Trainee: 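One structure, pasted below without further comment.
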Amino acid sequence: QVQLVESGGGLVQAGGSLRLSCTASRFPFSSRILGWFRQAPGKEREFVAHIRWSSTTPYYADSVKGRFTISRDNVKNTVDLQMNSLKPEDTAVYYCASTRPYSLGIMTQPTQYEYWGQGTQVTVSS
C-alpha cells in the first residue's frame, strides 16, 4: 500500500520556525504534484502549498505566502515545507498529499489529490 509519512511537527512560539518533511514509499514522487494541506479542529481542510514535479512555480495560499516555502527531492521521494514567522492561526494538523502522475493546473482542492499522509501536528503558541 502507498504510504506518505509526515514528520517535523511540534510546538513553537509565534514568530518561530518549523520544517516539515514528507516521505513516500512504494511510488515515486516524480511526475506528481505534491501538496501540503492543513486542518484545524472544527474547520475544513485547507490548501497550503503545492509544487510540480519539476519544482518550478510553486503555488501558495495567500495566508502563507512569503512565510512558507515548499521544496521537493524527487530522488529521495521527499517534500518539505519550511515554515517561518509562524502565527497562532497556523496551528493545525498538516498533511502532505500527492496527485496522480502528470496532473495539470492549479490544484488546491483535497479531491484533486490521490494519496495522503496521516498528518503531523503543528502548534504555535502566542
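All residue numbers in this chain count up from 1 along the given sequence. Quantities reported herein were computed from a predicted structural model and do not represent experimental measurements.
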Trainee: To the nearest 0.5 Å, what is the distance between OG (S63) and CG (D90)?
Mentor: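 Interatomic distance, S63 OG to D90 CG, rounded to 0.5 Å: 7.5 Å.
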Trainee: Has the side chain of R72 got a donor or acceptor atom that lies under 3.5 Å from a matching backbone atom of I51?
Mentor: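 Yes, R72 side chain to I51 backbone: donor-acceptor pair under 3.5 Å.
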Trainee: Looking at CD1 of I106 and CD of Q112, how far apart are the two atoms once the value is rounded to the nearest 0.5 Å?
Mentor: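 The distance works out to 9.5 Å.
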Trainee: Looking at D62 and K65, is there a salt bridge between them, counting it only when a charged N and a carboxylate O are closer than 4.0 Å?
Mentor: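 Judged by the 4.0 Å cut-off on N to carboxylate O distance, K65 and D62 do form a salt bridge.
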Trainee: Within the 4.5 Å heavy-atom criterion, are F37 and E46 side-chain neighbours or not?
Mentor: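 No. Closest side-chain heavy atoms not under 4.5 Å.
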Trainee: Please check if the side chain of Q3 supplies one atom and the backbone of S25 the other of a donor-acceptor pair under 3.5 Å.
Mentor: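 Side chain of Q3 to backbone of S25: no pair is present.
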Trainee: Which heavy atom in Y113 sits nearest to a heavy atom in L34, and how many Å separate them?
Mentor: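 The answer is CE2-C, 4.3 Å.
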Trainee: Going by the angle between their ring planes, with limits at 30° and 60°, are F47 and Y59 parallel, tilted or perpendicular?
Mentor: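 Aromatic pair F47/Y59 classed tilted.
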Trainee: Counting neighbours of CD on Q13 that are heavy atoms of other residues, nucleotides or ligands and sit closer than 6.0 Å, is the number greater than 12?
Mentor: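 Result for CD/Q13: open.
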Trainee: Please determine if R19 and D80 form a salt bridge, counting it only when a charged side-chain N lies under 4.0 Å from a carboxylate O.
Mentor: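 The answer is yes: the pair qualifies as a salt bridge.
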Trainee: For a quick test of reading the model, state the closest non-hydrogen atom pair linking A14 to S126 and the distance between them.
Mentor: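 For A14 and S126, the tightest heavy-atom pair comes out as CB-CA, 4.5 Å.
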Trainee: Verify side chain to side chain donor-acceptor pair (under 3.5 Å) between D73 and T78, making sure each step is shown before the conclusion.
Mentor: CA-CA 5 Å; D73 188 325; T78 59; 5.0 Å; no
Trainee: Okay, side chain of E6, backbone of C96: is any donor-acceptor separation there less than 3.5 Å?
Mentor: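 Yes, the answer is positive, given that a donor and an acceptor are paired below the 3.5 Å cut-off.
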Trainee: Parallel, tilted or perpendicular for Y102 and W53, by the 30°/60° rule?
Mentor: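 Perpendicular: the ring planes of Y102 and W53 meet at over 60°.
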Trainee: Quick check: does any side chain N or O of R45 sit under 3.5 Å from a backbone N or O of P110, one acting as donor and the other as acceptor?
Mentor: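 No; zero donor-acceptor contacts below 3.5 Å.
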Trainee: For I70, does its backbone N or O pair with a side-chain atom of Y60 as donor and acceptor, under 3.5 Å?
Mentor: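 The answer is yes, because a donor-acceptor pair under 3.5 Å joins these two groups.
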Trainee: Roughly how far apart are S17 OG and Q82 CD, rounded to 0.5 Å?
Mentor: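 The OG atom of S17 sits 6.0 Å away from the CD atom of Q82.
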Trainee: Answer yes or no: does atom CD of Q118 have more than 12 heavy-atom neighbours from other residues, nucleotides or ligands under 6.0 Å?
Mentor: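 Counting other residues, nucleotides and ligands, CD of Q118 stays at 12 neighbours or fewer.
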Trainee: When rounded to the nearest 0.5 angstrom, what is the spacing between OG in S21 and CG in L81?
Mentor: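 Between atom OG of S21 and atom CG of L81 there are 10.0 Å.
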Trainee: So how far is it from S125 OG to L86 CG, rounded to the nearest 0.5 Å?
Mentor: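 These two atoms lie 10.0 Å from each other.
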Trainee: Is a donor on one side and an acceptor on the other found under 3.5 Å between the side chain of T120 and the backbone of G9?
Mentor: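 Yes.
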Trainee: Ring centres under 6.0 Å, that's the criterion: do F68 and W36 meet it?
Mentor: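 No, ring centres 6.0 Å or more apart.
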Trainee: Just by distance, do the side chain of H50 and the backbone of M107 share a donor-acceptor pair under 3.5 Å?
Mentor: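 Judged by distance alone, yes, a pair lies under 3.5 Å.
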Trainee: Within the structure provided, determine whether R52 and T57 are in side-chain contact (heavy-atom separation under 4.5 Å).
Mentor: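 Sidechains of T57 and R52: in contact.
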Trainee: Verify, without hydrogens or angle tests, whether R32 (side chain) and S103 (backbone) share a donor-acceptor contact under 3.5 angstrom.
Mentor: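 No, because the side chain of R32 does not come within donor-acceptor range (under 3.5 Å) of the backbone of S103.
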Trainee: Can you find a heavy atom in the side chain of M83 that is under 4.5 Å from one in the side chain of L20?
Mentor: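 Yes, at least one pair of side-chain atoms sits under 4.5 Å.
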Trainee: Does the side chain of L4 reach to within under 4.5 Å of the side chain of T23, using non-hydrogen atoms?
Mentor: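 No, too far: nothing below the 4.5 Å cut-off.
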Trainee: Is it the case that the side chain of R67 and the backbone of S85 share a donor-acceptor pair, with hydrogens and angles ignored and the cut-off at 3.5 Å?
Mentor: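 Yes, the answer is positive, given that a donor and an acceptor are paired below the 3.5 Å cut-off.
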Trainee: Given V64 and R38, is the side-chain contact (heavy atoms from CB on, under 4.5 Å) satisfied, shown in steps?
Mentor: CA-CA 11 Å; V64 306; R38 65 188 183 186; 3.9 Å; yes
